[in-house]
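Since the structure is predicted, the reported quantities are computational estimates derived from the model, not experimental observations.
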Amino acid sequence: MNVSVKEFRNSVDHLYRMANVDYHACVGAQELRYWVERVERVIGLVEVLECKRAKPADREEHGKSLEAARKRLEQAAKRIQELDRPEPKKPTLTLCVH
């Protein structure tokens, strides 16, 4: 999809923000799952962006933003597994009085 330079740059910036700011704001596995859904959708949109007037630096940032988002998705999957893992039960002590 061919877009203007402004839209190209804004989309790349948005993906970076999702990977580097929004991710860290997630609390709990459910929020992370919602974040994963949104980021996957945005990655799909950013991947197909084309801009005939984009500079080489813009194209480089485009690739870097996609790479950063994909790496963050991997981290999110690991974090979700850790958060979903049940906490080990603490041993209970019983007091016996004779």
Side-chain angles (χ1 to χ4, degrees):
M1 171 172 49
N2 195 32
V3 295
S4 68
V5 174
K6 179 181 178 182
E7 187 175 345
F8 188 82
R9 289 176 180 163
N10 285 343
S11 297
V12 168
D13 289 344
H14 177 64
L15 186 56
Y16 263 130
R17 197 170 36 259
M18 290 183 81
N20 296 311
V21 177
D22 296 351
Y23 170 79
H24 293 292
C26 293
V27 179
Q30 190 58 38
E31 282 187 16
L32 279 168
R33 285 187 192 93
Y34 179 66
W35 177 87
V36 166
E37 289 176 18
R38 289 184 6 249
V39 168
E40 287 174 341
R41 193 172 337 117
V42 173
I43 286 173
L45 295 172
V46 172
E47 277 179 329
V48 298
L49 289 182
E50 289 291 328
C51 180
K52 294 177 183 177
R53 300 193 61 171
K55 296 180 180 181
D58 294 324
R59 295 181 195 286
E60 186 177 332
E61 289 300 309
H62 178 260
K64 286 181 180 179
S65 71
L66 289 167
E67 183 180 337
R70 288 184 181 117
K71 284 183 180 179
R72 194 65 80 187
L73 280 172
E74 291 173 17
Q75 290 177 343
K78 291 176 185 175
R79 193 169 154 203
I80 289 169
Q81 282 183 336
E82 290 173 6
L83 290 170
D84 281 343
R85 191 176 312 138
E87 290 187 28
K89 293 184 179 181
K90 295 180 181 177
T92 55
L93 298 176
T94 55
L95 180 62
C96 296
V97 179
H98 293 318

Scanning both residues in full, the closest heavy-atom pair of Ser11 with Val46 reads O-CG2, 3.9 Å

May I ask you to test the Arg9-Lys55 pair for a side-chain heavy-atom distance under 4.5 Å?
-> yes

Ignoring hydrogens and angles, tell me if any N or O in the side chain of Trp35 forms a donor-acceptor pair with the backbone of Met18 under 3.5 Å.
-> yes

Do Val48 and Phe8 share a hydrophobic cluster (ILVMFWY, side-chain heavy atoms under 4.5 Å, transitive)?
-> no

Could you tell me whether the side chain of Leu32 reaches within less than 4.5 Å of the side chain of Arg79, counting heavy atoms only?
-> yes

Gap separating the CG atom of Leu15 from the CD atom of Glu47, nearest 0.5 angstrom | 9.5 Å

Salt bridge (Lys or Arg N to Asp or Glu O under 4.0 Å) against Glu7, all qualifying residues, sequence neighbours excluded = none

Hey, does the side chain of Arg59 reach the backbone of Cys51 with a donor-acceptor pair shorter than 3.5 angstrom?
-> yes

Output for pair (Arg70 CZ, Ser65 OG), nearest 0.5 Å, gives 9.0 Å

Listed once per pair and sorted, the salt bridge (charged side-chain N to carboxylate O under 4.0 Å, His left out) pairs that draw on residues 18-38, sequence neighbours left out | Asp22-Arg38, Arg33-Asp84

For Ala69 and Ala19, which heavy atoms make the closest approach, and how far apart are they?
-> CA-CB, 4.0 Å

Taking His62 for the side chain and Glu50 for the main chain, is one N or O donor matched with an acceptor at less than 3.5 Å?
-> no

